[in-house]
2 protein chains.
Amino acid sequence: MDSGNSGGARPPRTRRKMQRVTMSDVAKAAAVSPSTVSLFLRKPSAVSERIASRVQRSIDELGYVPNYVAGGLAAAGSKVVSVIVPSLRNAFFSETVAELERLLARGGLQTLVGHTEYSLDQEEALVRAALSWAPAAVVLTGCRHNAATRKLLLRSNTPVVEMWELGGQVIDQAVGFSHEQVGRHIARRFIDQGYESAAFIGARLDEDFRAAQRSEGFLAEMQEAGITARLVENSAPASTSNGVRLFEEVCMNPVRAIACSNDTLALGVLFEAQRRDLSIPTELALAGFGDLDFAAQMVPPLTTVRPAADKIARKVAECILRPQAETDRQNSPFPTEHDTGFTLVPRASG
Amino acid sequence: MDSGNSGGARPPRTRRKMQRVTMSDVAKAAAVSPSTVSLFLRKPSAVSERIASRVQRSIDELGYVPNYVAGGLAAAGSKVVSVIVPSLRNAFFSETVAELERLLARGGLQTLVGHTEYSLDQEEALVRAALSWAPAAVVLTGCRHNAATRKLLLRSNTPVVEMWELGGQVIDQAVGFSHEQVGRHIARRFIDQGYESAAFIGARLDEDFRAAQRSEGFLAEMQEAGITARLVENSAPASTSNGVRLFEEVCMNPVRAIACSNDTLALGVLFEAQRRDLSIPTELALAGFGDLDFAAQMVPPLTTVRPAADKIARKVAECILRPQAETDRQNSPFPTEHDTGFTLVPRASG
DNA sequence: CTTGTAAATCGTAGCGCTATTATCTGTTGC
DNA sequence: GCAACAGATAATAGCGCTACGATTTACAAG
């Protein structure tokens with residue numbers, strides 16, 4: 001219509017594009033080909049120094065910012081790692097995410113986070129979204145997932161790391177420890193101290209499988225030692241105020257020792273005990289899980305279990321980064337577990 | 001070699017490709033064109049019901065997972081929002097990120113997090129990386145950034161939201177409140193109670209500009225009221241154990257009231273005061289910032305300031321989501337500030 | 001039956017980059 | 001001086017998808 005369209009000339013497509021400096025712009029400015037710019041960016045040592053400096057100057061002058069989206073498409077795989085945790089409000093996970101992000105950034109990987117609020121369906125949705133980014137790896141928390149999630153992951157052929165828990169059916173790689181053992185160790189300590197009644201305080205045990213396992217380990221060990229121990233739980237989050245509430249419930253039927261599913265809950269117990277003039281550990285022994293920063297500062301200091309959080313993050317990062325390094329070796333086809341262990345930290349509270 | 005290559009047949013390029021189900025595969029299986037599948041995915045209402053169900057069935061059967069990387073490239077802009085915070089260890093930010101992620105997910109946006117460890121150079125690096133994803137928006141913490149960051153953002157033409165602080169030179173949109181005012185309000189409370197000496201305890205004030213502003217507001221208000229107030233700080237993180245350390249330093253030269261740059265620090269002060277048998281608030285008044293969950297549970301409960309954290313997250317999400325909704329209206333070219341305010345929460349500690 | 005019009009579907013050209021092959025430089029050895 | 005060779009640079013073909021216009025279909029009106 002508007003052009004001499006006899007041969008095959010088409011009206012020029014109006015294509016919206018990001019108005020941004022592209023690699024070709026840089027190439028033009030540096031008077032080299034786009035491939036050379038690309039090569040320089042990916043492997044600077046492969047281009048001559050003369051060209052390198054010219055390209056670098058053009059990049060700086062134009063303020064070129066590479067487009068990972070295009071890069072990811074061309075290279076069949078993006079440089080993101082998707083990390084999915086139950087909750088960022090939980091100090092364990094926010095710390096792990098933070099550390100992981102730091103470590104992965106060194107390897108040139110970006111971290112995409114998602115949180116499931118302890119819902120397996122939500123997890124499935126997040127995994128689906130994550131896979132849409134053709135991620136370099138997917139990191140999940142725990143080893144319980146619904147069937148769809150598992151299938152999605154398996155057929156995607158993406159490296160998967162499950163962290164903070166061991167003992168399930170591993171998809172690809174798992175880094176963590178046994179929560180049941182944690183519960184047993186705490187129980188063992190109470191038993192050794194000769195306490196004759198105990199309770200386990202837990203929040204959201206129906207969704208937080210790891211906390212539930214700790215409670216089970218605790219109760220089992222207690223029972224095996226012939227000590228009465230009961231479980232007091234609710235479905236509110238594991239907060240200090242919920243610790244207060246749960247402890248109030250325990251008090252209706254007092255016990256000699258309390259194990260909490262984590263330190264935050266224990267802090268609530270401590271405060272409420274102070275309010276009730278209950279002396280710790282003389283009248284009530286208290287233990288937590290996590291060894292969060294405040295645990296050692298509490299009055300009295302809190303007996304707790306320290307998971308090797310940093311070790312977990314490091315190991316997970318390693319699982320993701322290593323395969324990249326060894327290009328010629330294919331991923332080991334066998335699921336692997338890495339036990340990072342934990343430490344009982346005995347302090348004055350119980 | 002392997003084909004009848006006389007005309008112009010080239011040896012087939014061995015192109016690694018993600019071995020994954022593509023949209024064309026789905027189209028083929030559903031006997032429609034790829035564009036129809038794409039249309040169905042983006043705007044299901046635009047295709048007939050008959051076709052919709054056929055396409056959906058093929059998607060399910062093949063286990064098709066869309067490739068956002070390709071989509072982002074074609075659509076000139078990805079569906080990620082990059083959120084950059086100083087630290088995920090800080091409960092404010094981990095909560096904000098969590099809430100933001102939740103809200104943005106509803107709008108079909110994914111959250112990419114980065115944390116700067118309170119370094120402006122690190123922030124620049126993260127912004128650079130973020131922009132490489134052609135993000136739908138970038139969310140930053142605070143309104144102090146180095147010149148390069150600012151320039152990068154400005155020329156990128158990406159929506160930018162700065163959160164948790166007001167008062168700087170806004171790039172695009174800002175959501176937060178005045179930290180100086182927070183400091184002044186706490187001071188005002190101490191003044192009204194008639195305390196005659198005070199200290200402000202702060203961690204990392206050289207990097208945490210917001211905490212620094214709170215301290216400045218506090219000290220200024222005190223000085224204007226003619227009350228001696230000093231600043232005690234160090235460069236360790238704002239943890240409970242650091243609160244203990246900083247309080248020990250204050251004790252070498254006791255004061256009647258202490259304001260902490262946040263609740264976590266105040267918790268340390270409480271514990272150390274208990275250890276020293278110092279009664280709160282009779283001998284020492286204490287105030288914090290944040291109103292974290294444990295603040296109300298402390299013995300005595302902590303006087304603190306509650307920032308409208310959820311409101312911040314909601315407003316930020318709104319700033320990002322709204323422009324998408326109103327397609328025909330272009331972004332307002334004027335930087336905007338939204339003040340979310342804060343609340344002084346008076347409790348027994350001071 | 002034709003025609004007109006709206007709705008549904010399709011065809012195609014890139015988005016900006018990377019991987020791969022092809023081409024072009026210089027060097028060295030005889 | 002020229003072949004042989006390595007090292008540096010360039011040309012090219014997509015990656016999988018979306019936007020846009022073009023085409024087809026469905027259906028009402030004439």
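To find a chain, count down the sequence lines: A is the first, B the second, and so on, and within it residues start at 1.
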Taking the side chain of [X] as heavy atoms from C-beta outward, which of [options] is closest to it?
X       : options                : result
A:Ser48 : D:dT9, C:dC17, D:dA19  : D:dT9
B:Arg42 : C:dT9, D:dA19, D:dG16  : D:dA19
A:Leu73 : D:dA19, D:dT9, D:dC15  : D:dC15
A:Asn67 : C:dG16, C:dA19, D:dC17 : C:dG16

In whole Å, I'd like the distance from the [atom1] atom of [X] to the [atom2] atom of [N].
X       : N      : atom1 : atom2 : answer
A:Arg54 : D:dA8  : CZ    : P     : 15 Å
B:Asp25 : D:dC15 : CG    : P     : 12 Å
A:Met23 : C:dG14 : CE    : P     : 20 Å
A:Leu39 : D:dA10 : CG    : P     : 10 Å
A:Lys28 : D:dT9  : NZ    : P     : 20 Å
A:Ile59 : C:dG16 : CD1   : P     : 17 Å
A:Lys43 : C:dC17 : NZ    : P     : 20 Å
B:Leu41 : D:dA19 : CG    : C1'   : 15 Å

Over all strands shown, is A:Ile51 touching base, sugar-phosphate only, or nothing at heavy-atom distances under 4.0 angstrom?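 Result for A:Ile51 = sugar-phosphate.
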
A:Tyr64 near the nucleic acid: base, sugar-phosphate alone, or nothing, with a heavy-atom cut-off under 4.0 Å?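 Result for A:Tyr64 = sugar-phosphate.
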
Would you mind telling me which residue lines up with the more 5' stretch of DNA chain C, B:Ser45 or A:Val65, judged by nearest nucleotide?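 Nearest-nucleotide comparison on DNA chain C picks B:Ser45.
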
For DNA chain C, whose closest nucleotide is more 5', that of B:Arg50 or that of B:Ala70?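 Nearest nucleotide further toward 5': that of B:Arg50.
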
Tell me if the side-chain of A:Ser35 makes a donor-acceptor pair with the base of D:dA11, cut-off 3.5 Å, by modelled atom types.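 Yes, the side chain and the base share a sub-3.5 Å donor-acceptor pair.
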
Side chain of B:Ser33, base of C:dG11: donor and acceptor closer than 3.5 Å?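 There is none.
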
Does any donor atom in the side chain of [X] or [Y] lie under 3.5 Å from an acceptor atom in the other side chain?
X        : Y        : result
A:His338 : A:Glu318 : no
B:Trp164 : B:Thr96  : yes
A:Ser119 : A:Thr116 : no

Side-chain N or O of B:Arg20 less than 4.0 angstrom from OP1 or OP2 on D:dC15?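 No, because none of the side-chain N or O atoms of B:Arg20 sits under 4.0 Å from OP1 or OP2 of D:dC15.
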
Does A:Ser38 put a side-chain nitrogen or oxygen below 4.0 Å from OP1 or OP2 of C:dT18?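 For C:dT18, OP1/OP2 do have a side-chain N/O of A:Ser38 under 4.0 Å.
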
Can you check whether B:Thr22's main-chain N or O pairs, donor with acceptor, with B:Asp25's side chain at less than 3.5 Å?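 Confirmed, B:Asp25 side chain pairs with B:Thr22 backbone.
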
Decide yes or no on salt bridge (Lys or Arg N to Asp or Glu O under 4.0 Å) for A:Glu99 and B:Arg89, but give the supporting numbers first. CA-CA 10 Å; A:Glu99 183 66 7; B:Arg89 290 179 175 89; 3.7 Å; yes

